Amino acid sequence: MTDKRKYYLTTPIYYTNGLPHIGHTYSTIVCDTVRRYKRMRGYDVVMTTGTDEHGVNVERSAKKAGVPESEFVAKMAAEWRALWDELGVQGDEFIRTTDLKHAHTVQWLFKQCRENGFVYPGHYTGQYCIYDNAYVDVKPGENCPDCGRSTETVTEANYFFKLSAFQKPLLQWYAKHPDFIQPEARRNEVLSFVEGGLRDLSITRTTIRWGIPVPGEEPHVFYVWFDALTAYLSAVGGPQYEKTGFWPADVHLVGKEIIRFHAVYWPAFLMAAGLPLPKQIWAHGWLLMDSTKMSKSLGNVVRPRPIVHVLGMDALRYYLLRETVFGQDGNFSYDALVQRYNSDLANGLGNLASRTAAMIEKNSGGKIPKPAALQPSDSALATQAQAAIGDVVEQYDNLAFSRALEQIWSLIAATDKYLTTEHPWSLGESDADQQRRATILWTTAEVLRIATALTHPVLPESTTKVWSLLGQPGQPGSIALDNLRWGQLVPGTPLGKSQALFPRIEKAEAIERMESMENEAQKQPSPAVAPMPASTPAAIGTAAAAAPQATPEKIGIEDFAKVEMRVGQIKTAERIVGADKLLKLTVDIGTEIRQICAGIAQYYEPEKLIGRKVAVVVNLAPRKLRGVESNGMIVAASVGPEGRPVLAGFPDEDVEIGARLK
Ligand code: ME8
């Protein structure tokens, strides 16, 4: 049992139809900084990030890459994860919307909303592009903005969420919780949106296949935001959220373009289900490139990897938090990045740390010296450092990162100035001089210790190095900020090994290296688009049987365990008019009778299949084949060059229907 205060914060879950750029990196680094800071304040913190993997765009991207959606999103999610590791992001939970526990949470939330009377069946009408298989946001008669082809007005069955019923409750909630939406400008924007009236929301689709099925209502799948937002709850226990104690979230941190979904839809879904609401939604500004929002669709993106490669992860973290006022838009430029790196990190923190260590090494045998009585100049610095502790804590609390860093850096600048004024290097060897030098060096090292602890949430890698250089035990992240005080640096502590911190770099050269890496990266196909091994099982129901491979891709047992295969018995079988390769089967899988289409019509007589036991993949997302719903897949070997299907079976024993194949 822990009696620590709990704190739960989230990044948006990012779409997997692209790779992360530094806009996404910004949100994630902010969250990671808050997470580290809150830990240092004694909270039991959970931070989640993750990937939003369903929907038409993923369906399309996977199709373009020529791979199944599941394979596509798995590769992309792995890339996102790897990148966060490289940036020192300590996410506690990486939630994917294709996780089973997430599907259960979405289905459960829907059930709660429905039972409480806030969900009803209806019809959605929109302009549909048959070529792209998606609704597009145009008027009747207009062409598809993506492919230019004509669109059709299509009406499909949907479930609707009664958002209109929540106008009053939401306005009351905002009034009672004035800090719910931050910053103020976004709050005003949301208020006027809600005051203008709310329309009910379509939350399922029957034209999309790649989504979480609505139980018992196939082919309905959940549509975008009902699925995505619920990830915040899935990450901390889903229906069992009370057990983890992390719901409601303390803050959902998002970019300003998705504030409405978070501050209107999400609280309405939660109210409808009778669940507690998050405490705050914080919408930050955008990183701009030449005054335009950096975004995948515009293609004006800068990726984090080249920056981390050339300047280190802390340089990017520092730049993003120092250069932009949190909440407002900020411009990105390589020039300003390298400028900050050289002036603040190499010449600022890095230089102070290495010269302090060198002076202690030389004058005090590598041990922290013992100070004598402080002079006014020492005390002035002590006062400034002590005040910085309280101020910086307050600024972190208000997510005012740039101000926090500004204050720490003015402490560093004051210390540089102090050293110049006191010039300990020109003191002699008399007792008084030695004592004075010891006092100056101790004071300098003490400022450095405090600045290091305060900067740790932003610069985890380099502050850990400075910490050990000062001979401090453990990690700066494990100290309690509430106990940080001036005067705790213990004389006699041996210094640790010195390590390179921020080597100065020539600006033009650094920019050239980063830009050329970025250009190279832009030319590469995304990992999910790169050629991948074809899938091997001769699956009937999929379009084509794959050729055998010389070296199939290895998977772990946990991957295999995701495929739920069971013994099924064919109950009925019939041909499908207009589809000469397909049979429509009904199959008993123990718990229910499923309708499954199988591409075996040219090789098996339907009537001879009745009663036959077959292996069935039961947890495959339902799909339509030639307009007929198929909910599962029959397993077969693919034989010969034409891929003749031979049903897998159980000739030796009368196996029980529903038995799992493992
Ligand atoms: O919207 N500047 O995902 P997404 C700052 N899946 N932040 C930026 C940015 C920029 N130029 N570009 C992106 C989605 N971001 C949904 C979210 S949440 C339940 C579902 C950041 O991949 C910012 O946090 O488009 C923004 O809100 C998010 O990335 C959008 O990521």
Side-chain angles (χ1 to χ4, degrees), residues 9-32 34 47-58 61 73 76-77 79-80 83-84 89 93-99 102 105-106 109 182 186 203 211-212 222-236 249 251-267 269-270 278 281-304 316 319-321 323-333 399 401 526:
L9 80 161
T10 63
T11 75
I13 51 162
Y14 304 110
Y15 289 129
T16 40
N17 59 335
L19 290 171
H21 57 67
I22 60 166
H24 308 108
T25 307
Y26 179 60
S27 312
T28 310
I29 284 177
V30 166
C31 270
D32 182 66
V34 176
M47 166 188 152
T48 58
T49 186
T51 38
D52 190 354
E53 304 184 359
H54 288 127
V56 168
N57 287 337
V58 166
S61 303
V73 293
M76 295 301 267
E79 263 300 294
W80 282 81
L83 186 83
W84 300 146
V89 170
E93 180 81 23
F94 188 96
I95 189 91
R96 298 180 54 192
T97 54
T98 50
D99 288 342
H102 173 67
T105 308
V106 172
L109 190 75
Q182 291 289 331
R186 300 278 94 80
I203 54 168
I212 298 171
F222 289 102
Y223 187 58
V224 191
W225 288 99
F226 195 86
D227 173 353
L229 290 160
T230 309
Y232 298 137
L233 190 59
S234 320
V236 288
V251 58
H252 292 313
L253 201 116
V254 298
K256 64 181 179 183
E257 79 289 357
I258 53 176
I259 183 71
R260 253 183 224 178
F261 306 111
H262 284 78
V264 182
Y265 294 8
W266 184 223
F269 295 159
L270 292 167
I281 317 288
W282 229 109
H284 64 67
W286 288 334
L287 280 188
L288 310 174
M289 193 69 181
D290 305 324
S291 308
T292 316
K293 180 179 182 250
M294 194 182 285
S295 85
K296 280 182 294 236
S297 44
L298 294 174
N300 60 346
V301 298
V302 169
R303 282 175 238 221
L316 178 58
Y319 172 77
L320 291 178
L321 294 191
E323 195 77 8
T324 323
V325 174
F326 192 69
Q328 296 175 14
D329 291 349
N331 227 346
F332 175 84
S333 89
L399 310 185
F401 308 106
S526 75

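Ligands are counted one by one from 1 in listed order, and the atoms in each one are counted from 1 as well. Here the structure is a predicted model, which is why all the values come from computation and not from measurement.
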| With a 4.0 Å cut-off on heavy atoms, does H21 reach ligand 1? | yes

| field | Close N or O approach (L229, ligand 1; < 3.5 Å) | value | no

| field | Region of K256 engaging ligand 1 - heavy atom pairs below 4.0 Å | value | neither

| request: Could you tell me whether K256 and D329 make a salt bridge, using a distance below 4.0 angstrom between a side-chain N and a carboxylate O? | output: yes

| note | Which of L253, L9, L320 passes side chain to side chain contact (heavy atoms under 4.5 Å, CB included) with V30? It is L253

| query | Looking only at side chains, do Y14 and T28 share a donor and an acceptor under 3.5 Å apart? | reply | yes

| note | Taking only non-hydrogen atoms of G23 and a 4.0 Å limit, the atoms of ligand 1 in range are 2 (N), 5 (C), 7 (N), 8 (C), 9 (C), 10 (C), 15 (N), 21 (C)

| query | So, Y232 versus H262: side-chain donor-acceptor pair below 3.5 Å or not? | reply | yes

| request: Please step through side-chain hydrogen bond (donor to acceptor under 3.5 Å, both in side chains) for the pair E53 and T98, ending with a clear verdict. | output: CA-CA 7 Å; E53 304 184 359; T98 50; 2.6 Å; yes

| query | Any idea which atoms of ligand 1 are less than 4.0 Å away from a heavy-atom of A228? | reply | 19 (C)

| task | Examine ligand 1 and decide if any of its atoms is less than 4.0 Å from a heavy atom belonging to W266. | result | no

| message | Could you check whether H252 and W266, counting side-chain N and O atoms only, form a donor-acceptor pair closer than 3.5 Å? | response | yes

| S27 heavy atoms, cut-off 4.0 Å: which ligand 1 atoms fall inside? | 21 (C), 23 (C), 24 (O)

| request: Pull out every atom of ligand 1 sitting under 4.0 Å from any heavy atom of D52, numbered as shown with elements. | output: 6 (N), 16 (C), 20 (C)

| field | ligand 1 versus L287: contacting region, heavy-atom distance under 4.0 Å | value | both

| note | Numbered in order shown, the ligand 1 atoms found under 4.0 Å of a heavy atom of G285 are 5 (C)

| request: Please test W282 against F326 for ring pair (Phe, Tyr, Trp, His ring centres under 6.0 Å), starting from the C-alpha separation and ending with a verdict. | output: CA-CA 10 Å; W282 229 109; F326 192 69; 4.6 Å; yes

| task | Would you mind telling me if ligand 1 is within reach of the side chain of F261, the backbone, both or neither, using heavy atoms under 4.0 Å? | result | neither

| query | Does an N or O anywhere in W286 fall below 3.5 Å from an N or O of ligand 1? | reply | no

| said: Taking only non-hydrogen atoms of G18, do any sit less than 4.0 angstrom from ligand 1? | reply: no

| At a 4.0 Å threshold, what atoms of ligand 1 neighbour a non-hydrogen atom of Y232? | 18 (S), 19 (C)

| Is the backbone of D227 close enough, under 3.5 Å, to the side chain of H102 for a donor and an acceptor to pair up by distance? | yes

| query | Is G255 close to ligand 1, meaning an N/O of one under 3.5 Å from an N/O of the other? | reply | yes

| Under 3.5 Å, side chain of H24 to main-chain N/O of H21, donor-acceptor pair present? | yes

| message | Less than 4.0 Å is my threshold; does some heavy atom of M289 fall inside it relative to ligand 1? | response | no

| query | Is a donor on one side and an acceptor on the other found under 3.5 Å between the side chain of Y265 and the backbone of R260? | reply | no

